[in-house]
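One structure is given here, and the rest of the page talks about it.
Atoms considered below: every heavy atom in the structure, side chains included; atoms not considered: hydrogens, waters and symmetry mates. Note on naming: letters A, B, ... go to the chains in the order of the sequence lines (proteins, then strands), and numbering restarts at 1 for each one.
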Protein chains: 2
Amino acid sequence: MTATLKDVATRAGVSTSAVSRTFTDGASVSLKMRRKVEKAAAELGYSPNFLARSLTTRRTKLIGLVSNNFHNPIFLQVFDLFTRGLQDRGLRPLLVNLSDEVDPENSLRMLQQYSVDGAIVASSTLPPVFSKAFRDQKLPVVHTFGRYTSSPDVHVVGIDNVEAGRMAARELVQRGYKKVAYLGGPQLATSAQDRLEGFENELSRHPEITHSHSYASAYSFEAGRAEMLRLLKENPAEAYFCADDVLSIGALSAVKDMGLRAPEDIGIIGLNDMEMSGWENINLTTIHQPIRQIISSSIELMVAMLDEPDRYPEARLFPCRVVERGTLRPRP
Amino acid sequence: MTATLKDVATRAGVSTSAVSRTFTDGASVSLKMRRKVEKAAAELGYSPNFLARSLTTRRTKLIGLVSNNFHNPIFLQVFDLFTRGLQDRGLRPLLVNLSDEVDPENSLRMLQQYSVDGAIVASSTLPPVFSKAFRDQKLPVVHTFGRYTSSPDVHVVGIDNVEAGRMAARELVQRGYKKVAYLGGPQLATSAQDRLEGFENELSRHPEITHSHSYASAYSFEAGRAEMLRLLKENPAEAYFCADDVLSIGALSAVKDMGLRAPEDIGIIGLNDMEMSGWENINLTTIHQPIRQIISSSIELMVAMLDEPDRYPEARLFPCRVVERGTLRPRP
DNA sequence: ATAATTTTTGCAACCGGTTGCAAAAAAAAC
DNA sequence: GTTTTTTTTGCAACCGGTTGCAAAAATTAT
């Protein structure tokens with residue numbers, strides 16, 4: 001149906017190699033030849049078949065974009081930034097939804113079958129074993145929103161979740177809260193664990209402040225709401241650090257449901273600073289996570305790795321900052 | 001690096017065809033042969049290269065998932081459903097972000113270069129010329145959330161936007177509003193046009209009710225908020241039909257900003273019924289669009305087309321229903 | 001046991017490209 | 001105008017598979 005290399009060669013009266021070379025940059029073709037070939041190609045509407053090409057070049061320019069976060073609105077932005085960033089560099093995202101997947105095997109095999117050049121794992125809730133499995137197959141992999149370790153197995157780009165936890169604690173301390181708590185995402189998410197660690201670590205310097213923690217079942221509105229409802233019925237803290245904005249919004253909803261107000265009765269600070277946290281009817285005080293930088297850095301790293309697969313794994317962490325809005329009482 | 005067909009053949013001491021056949025279902029292989037090959041394959045960790053295979057079979061099982069909606073939270077759910085649905089059928093979504101794209105040429109060529117088996121265009125704001133360009137290249141295409149016409153150029157799956165507009169109008173009429181208005185998305189979006197058409201069409205049966213319309217610059221919170229702020233400063237209507245939930249939420253925010261309340265001062269009805277519309281602090285009365293059915297039907301249609309490419313284009317429309325929450329005054 | 005039929009297998013060509021190598025052509029040096 | 005050097009070109013093998021066809025092997029019928 002569509003024109004092939006051979007068709008163009010025949011039409012231009014040249015060898016197939018010549019045609020191939022005009023479409024490979026850096027190859028040796030005379031100007032005259034190039035003209036001839038390009039003319040024939042244009043007449044036939046030819047453009048090279050990337051997949052056939054990939055057989056010999058061993059480059060598909062396909063990047064597996066692997067995630068299991070399809071419920072947190074922030075990930076729409078994540079996908080937007082990733083797809084555009086990859087496209088701009090001539091790469092193509094093959095989207096893999098790991099929502100219910102527990103075993104890396106299948107996804108790994110699939111990525112191999114499509115010969116992706118690399119995989120970006122965009123998730124803070126996927127266990128590290130996933131990205132490690134990819135790496136073990138010599139597949140270049142970047143774990144975006146992954147866990148920081150001083151000697152990482154795979155490239156990690158994100159924030160220092162421990163530090164973010166500290167930051168949240170400091171913020172609550174400064175505002176004079178005496179009884180605080182952490183409301184985390186799924187307990188097995190490394191991000192949730194690390195944020196708690198930092199939170200408690202900072203609070204250990206303030207023995208006069210009591211603190212506790214619990215986990216919502218997912219990074220979702222409903223989960224945050226349910227957990228906060230439960231907490232409020234018992235013996236609630238004065239202020240909560242919710243490990244994610246969407247969780248915070250759920251928690252806020254619970255607060256209002258119980259006839260309470262934020263920040264007057266209950267203080268809440270989130271993490272992410274997603275677009276809707278700034279919406280007037282939400283107006284959440286939160287810790288800003290620099291998504292754009294995280295993603296463009298992830299892509300850069302991936303591009304670099306395509307040229308240099310044995311690059312030593314590094315961790316790239318970006319600083320966060322508190323965005324003050326209306327759900328925490330003012331600093332004294 | 002990874003084992004190839006030939007490696008397996010050598011190891012098992014059989015021909016490459018034999019190996020190929022064991023991995024092609026429906027091919028003729030004796031049980032004994034299959035055993036032998038599978039053993040060798042397992043030992044080498046072999047699995048067939050889909051792209052090489054696609055060269056001869058002319059099937060890549062790659063589906064272009066094309067969209068320009070990366071700001072409306074409902075599309076996160078759309079991507080979730082599409083990716084899972086496609087995966088479940090052994091198809092792989094190649095995500096294409098058309099956000100700033102005005103010319104179908106590039107995207108079309110790219111999809112051709114990767115030999116996708118088909119393309120799903122998921123957008124209500126992309127001009128029909130895009131999907132038509134794909135179709136013209138004999139590429140099976142489904143336009144999800146596309147415009148209904150009685151003799152469609154390409155397969156369309158979605159809702160009857162005209163009818164949805166009527167439904168919204170009826171709802172406002174029944175609740176006794178005397179002065180109503182339509183707040184649309186980007187004017188060139190077919191969905192925005194059609195919803196307005198239905199809205200006005202229904203209202204033409206009620207000459208005692210005055211109505212007007214205007215458009216927000218995008219289907220986004222900010223755009224809805226800005227437009228509603230403008231409207232409220234002039235001569236606002238009693239109730240608005242906002243052509244999208246995220247637009248409605250922006251509008252609601254504007255209403256509160258001006259010191260007004262919904263539904264007491266201004267009534268609002270949206271369209272989509274996205275998850276967060278049900279959140280307690282939003283609580284938007286809206287028209288439910290059956291996303292799950294729309295998407296699973298789109299996938300079914302695509303799968304059907306892969307077997308029968310010249311299938312006559314059809315339109316599949318799903319009925320909507322009003323979801324009553326708290327932003328419209330009750331029926332009398 | 002032999003012939004006829006069916007099933008299984010391997011050969012070799014092909015899918016749409018790329019590329020090392022050597023020959024041919026063009027350019028530079030003498 | 002030769003010779004040397006450089007550039008351009010085509011040949012042919014290859015990337016990792018599939019598949020039509022005919023031969024070989026296994027079944028079934030006689």
Length of the line joining [X]:[atom1] and [N]:[atom2], which is rounded to integer Å:
X       : N      : atom1 : atom2 : answer
B:Arg34 : C:dT9  : CZ    : C1'   : 14 Å
A:Lys32 : D:dT7  : NZ    : P     : 17 Å
A:Lys36 : D:dT8  : NZ    : P     : 14 Å
B:Leu31 : D:dA26 : CG    : P     : 14 Å
B:Arg53 : C:dG17 : CZ    : P     : 20 Å
A:Leu51 : D:dG16 : CG    : C1'   : 13 Å
B:Leu5  : D:dT19 : CG    : C1'   : 13 Å
A:Asp25 : C:dT18 : CG    : P     : 11 Å

When all nucleic acid strands are considered with a 4.0 Å heavy-atom cut-off, which category describes [X]: base, sugar-phosphate, or nothing?
X       : value
B:Val19 : nothing
B:Phe50 : nothing
B:Thr4  : sugar-phosphate

Would you indicate which nucleotide in [options] comes nearest to any side-chain atom of [X]?
X       : options                : value
B:Thr24 : D:dT18, C:dT18, C:dC11 : D:dT18
B:Arg21 : C:dT9, C:dG16, D:dT18  : C:dT9
A:Met33 : C:dT19, D:dT18, D:dT9  : D:dT9

Please state whether the phosphate of [N], meaning OP1 or OP2, lies under 4.0 angstrom from any side-chain nitrogen or oxygen of [X].
X        : N      : value
A:Arg58  : D:dG16 : yes
A:Thr56  : C:dT18 : no
A:Ser28  : D:dT8  : yes
A:Tyr114 : D:dG16 : no

Inset, instruction - Would you kindly check whether a donor in the side chain of B:Ser17 faces an acceptor in the base of C:dC11, or vice versa, at under 3.5 angstrom? - result: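 Indeed there is one.
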
Legend entry - Atom pair OG/CE of A:Ser297 and A:Met302 - distance to nearest 0.5 Å: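 It comes to 12.0 Å.
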
Inset, instruction - To the nearest 0.5 Å, tell me how far B:Phe318 CZ sits from B:Ile159 CD1. - result: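 The distance works out to 11.5 Å.
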
Inset, instruction - Would you mind telling me which residue lines up with the more 5' stretch of DNA chain C, B:Ser30 or A:Asn49, judged by nearest nucleotide? - result: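 Comparing both residues, the 5'-ward one is B:Ser30.
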
Inset, instruction - Find which nucleotide of DNA chain C each of B:Leu55 and B:Gly13 is nearest to by heavy atoms, and output the residue with the more 5' nucleotide. - result: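 Counting from the 5' end, the first nearest nucleotide belongs to B:Gly13.
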
Inset, instruction - Could you pull out the closest heavy-atom pair between A:Leu5 and A:Ser20, with the gap in Å? - result: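 Taking A:Leu5 first and A:Ser20 second, the nearest heavy atoms are CD1-N, 3.6 Å.
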
Legend entry - Member of B:Leu91, B:Ile63, B:Leu94 meeting the side chain to side chain contact (heavy atoms under 4.5 Å, CB included) criterion with B:Val116: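 When side chain to side chain contact (heavy atoms under 4.5 Å, CB included) is applied between B:Val116 and each of B:Leu91, B:Ile63, B:Leu94, only B:Leu94 qualifies.
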
Legend entry - Residues A:Arg84, A:Asp80: salt bridge by 4.0 Å N-O rule: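 Salt bridge between A:Arg84 and A:Asp80, a charged N being under 4.0 Å from a carboxylate O: yes.
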
Legend entry - Derivation and outcome, salt bridge (Lys or Arg N to Asp or Glu O under 4.0 Å), residues B:Glu43 and B:Lys39: CA-CA 6 Å; B:Glu43 285 165 1; B:Lys39 180 155 174 291; 3.2 Å; yes

Legend entry - Residue whose closest nucleotide on DNA chain D lies nearer the 5' end, A:Thr16 versus A:Val29: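 Comparing both residues, the 5'-ward one is A:Val29.
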
